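All remarks here apply to the structure that follows.
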Amino acid sequence: MITAAFAKEGKYRGRFAPSPTGPLHFGSLVAAVGSFLEARTHGGEWLVRIEDLDPPRIAPGTEDLILRTLEACGMGWNGAVAHQSARRDAYHGALHRLREKGLVYPCACSRREIADSAVAGVDGPVYPGTCRAGLPPAKIARALRLDTRGARVAFDDALQGHIAHDLEKDFGDFVLLRADDVYAYQLAVVVDDAEQGITDVVRGADLLGSTPRQIYLQQRLGLPRPRYAHLPVAVNAAGEKLSKQTLAAPFDAKKPLPALIAALSFLGQQPPRELSRGTVGELWNWAIGNWRLDRVPRAASLPAPAYT
Ligand code: GLU
């Protein structure tokens with residue numbers, strides 16, 4: 001992996017970090033387009049990282065499909081594609097550093113127990129800290145959690161504004177290593193963004209609730225904080241985020257222009273009609289010359305457009 005030296009030079013480095021759980025659909029294309037254009041218009045690099053950390057959720061063949069789709073869309077990335085599945089040692093090292101600081105504790109609660117005792121938070125149930133003072137007798141540790149007592153995080157998102165959270169109250173002590181021995185997304189992303197020297201995270205606003213947890217982990221691990229811009233998320237008529245579960249149609253990689261033009265419009269840019277009769281290269285020439293982050297709607301979600 002590339003080291004953080006790049007970030008120290010003050011050069012922009014962004015990334016697109018898909019989970020290979022299904023083919024790219026309009027929702028993930030929006031995150032790819034937004035992060036790509038921010039990187040390219042800053043003369044920066046754009047990295048692709050495959051977040052294949054969670055074996056049961058990986059759909060075989062989708063990584064290749066995602067990469068071929070990005071290529072068909074004319075979105076070339078810098079350097080080699082990174083894989084979270086190859087990074088367990090780095091996550092282990094970070095977890096160890098947090099343990100040494102006394103911030104990690106084993107938790108024996110089952111899903112059922114948590115569901116019964118948790119209250120609703122900003123981004124799912126808030127674990128009430130049951131095992132913080134030690135495991136109940138005869139209980140076996142299942143997961144490792146981060147102690148969030150006293151953790152207050154505030155940041156300014158380029159699109160979603162000022163965000164401030166009390167982590168214990170809003171999210172609770174979150175999992176770092178799951179019962180099935182899988183490192184949690186929050187930990188992996190923080191370790192990878194730092195090691196890859198990511199200066200700017202541009203991604204969907206469905207992850208806005210993850211950012212305070214990630215910033216807190218950066219603070220505790222002594223890692224630099226990237227800038228953040230959370231793009232509106234494309235939702236269907238029922239207001240649900242487009243995903244494999246909501247049956248978002250993967251787009252036709254042989255005919256990428258309509259989806260790319262729709263993604264630019266969705267992001268508040270005004271692509272001229274003629275682009276639909278041109279080439280992918282012409283589309284990016286226009287988009288890189290005209291992209292403006294300040295035209296992106298400052299909304300957490302927007303209806304997905306119809307396009308063909
Ligand atoms: N892998 C995450 C996803 O596909 C994105 C992670 C990120 O951009 O931080 O939703």
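When reading the values below, keep in mind they use all heavy atoms of this one structure, side chains included, and skip hydrogens, waters and symmetry mates. Quantities reported herein were computed from a predicted structural model and do not represent experimental measurements.
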Could you see if [X] belongs to whatever hydrophobic cluster contains [Y]? Use Ile, Leu, Val, Met, Phe, Trp, Tyr and a side-chain cutoff under 4.5 Å.
X: Met75; Y: Val81; answer: yes
X: Tyr216; Y: Leu223; answer: yes
X: Val175; Y: Leu135; answer: no
X: Phe266; Y: Leu24; answer: yes
X: Leu267; Y: Val280; answer: yes

With heavy-atom distances below 4.5 Å as the criterion, would you say the side chains of [X] and [Y] are in contact?
X: Pro271; Y: Ile261; answer: yes
X: Pro128; Y: Ser117; answer: yes
X: Tyr228; Y: Arg203; answer: yes
X: Leu264; Y: Leu37; answer: yes
X: Phe174; Y: Val126; answer: no
X: Thr211; Y: Phe155; answer: yes
X: Val119; Y: Pro125; answer: no
X: Pro106; Y: Leu144; answer: yes

By salt bridge (Lys or Arg N to Asp or Glu O under 4.0 Å) - contacts of Asp294 (at least two apart):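 If we apply the salt bridge (Lys or Arg N to Asp or Glu O under 4.0 Å) test to Asp294, skipping adjacent residues, the hits are Arg292.
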Stepwise side chain to side chain contact (heavy atoms under 4.5 Å, CB included) test for Glu38 and Thr41: CA-CA 5 Å; Glu38 271 294 281; Thr41 53; 4.2 Å; yes
Hey, which of [options] is the one that makes side chain to side chain donor-acceptor pair (under 3.5 Å) with [X]?
X: His165; options: Thr148, Asp170, Asp123; answer: Asp170
X: Glu51; options: His83, Arg57, Gln84; answer: Gln84
X: Asp193; options: Arg49, Gln214, Arg225; answer: Arg49

If you count heavy atoms of other groups shown closer than 6.0 angstrom to CZ of Arg68, is the number above 12?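 Atom CZ in Arg68 is crowded, with more than 12 foreign heavy atoms closer than 6.0 Å.
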Would the number of heavy atoms belonging to other residues, nucleotides or ligands and lying under 6.0 Å from NE2 of His162 be above 12? yes
Please give me the minimum heavy-atom distance between [X] and [Y], naming the atom from each residue.
X: Val153; Y: Pro212; value: CG2-O, 3.7 Å
X: Leu159; Y: Leu293; value: CD2-O, 3.7 Å
X: Cys131; Y: Cys109; value: SG-SG, 3.7 Å
X: Thr62; Y: Pro20; value: OG1-O, 2.8 Å
X: Ala205; Y: Val233; value: N-CG2, 3.3 Å
X: Gly34; Y: Val202; value: C-CG1, 3.9 Å

Distance in Å, [X] [atom1] paired with [Y] [atom2], rounded so as to fall on 0.5 Å steps:
X: Leu98; Y: His96; atom1: CG; atom2: NE2; answer: 10.5 Å
X: Ser28; Y: Leu70; atom1: OG; atom2: CG; answer: 9.0 Å
X: Arg99; Y: Leu146; atom1: CZ; atom2: CG; answer: 12.0 Å
X: Leu67; Y: Ile50; atom1: CG; atom2: CD1; answer: 4.5 Å
X: Arg15; Y: Gln196; atom1: CZ; atom2: CD; answer: 8.5 Å
X: Ser19; Y: Asp54; atom1: OG; atom2: CG; answer: 8.5 Å

Do the numbers put Arg178 on top of the ring of Tyr183, so that NZ or CZ is under 6.0 Å from the six-membered ring centre and no more than 45° off the axis? no
Just checking, is any N or O donor in the side chain of Asn236 or Glu240 under 3.5 Å from an acceptor N or O on the other one? yes
Would Gln270 and Ser265 count as having a side-chain donor-acceptor pair, cut-off 3.5 Å? no
Just by distance, do the side chain of [X] and the backbone of [Y] share a donor-acceptor pair under 3.5 Å?
X: Asp52; Y: Ser85; result: yes
X: Arg213; Y: Gly209; result: yes
X: Asp200; Y: Gly14; result: no
X: Arg40; Y: Gly44; result: yes
X: Gln160; Y: Leu208; result: no
X: Thr199; Y: Arg13; result: yes

If the condition is side-chain contact (heavy atoms from CB on, under 4.5 Å), which residues does [X] pass it with, not counting sequence neighbours?
X: Lys139; result: Ala108, Glu113, Pro136
X: Ala115; result: none
X: Arg273; result: none
X: Ala86; result: none

Going by the rule ring-ring contact (aromatic ring centres under 6.0 Å, His included), which residues pair with Tyr185 if we only count those two or more places apart in sequence or in a different chain? none
May I have the step-by-step check of side chain to side chain donor-acceptor pair (under 3.5 Å) for Tyr91 and Asp192, ending in yes or no? CA-CA 9 Å; Tyr91 309 144; Asp192 289 346; 2.7 Å; yes
May I ask you to check whether Phe171 and Tyr127 place their ring centres under 6.0 Å from each other? no
Matching residue for Phe36 among Trp284, Phe16, Trp77 - test: ring-ring contact (aromatic ring centres under 6.0 Å, His included): Trp284
For Arg145 and Thr130, what are the C-alpha separation, side-chain angles and deciding distance, and is it a side chain to side chain donor-acceptor pair (under 3.5 Å)? CA-CA 11 Å; Arg145 289 183 184 272; Thr130 318; over 6 Å; no
Intermediate values then yes/no, salt bridge (Lys or Arg N to Asp or Glu O under 4.0 Å), Arg149 and Asp173: CA-CA 8 Å; Arg149 278 175 296 177; Asp173 291 351; 5.9 Å; no
Does a salt bridge link [X] with [Y], judged by any charged N lying under 4.0 Å from a carboxylate O?
X: Arg132; Y: Glu168; result: yes
X: Glu195; Y: Arg87; result: yes
X: Asp181; Y: Arg142; result: no

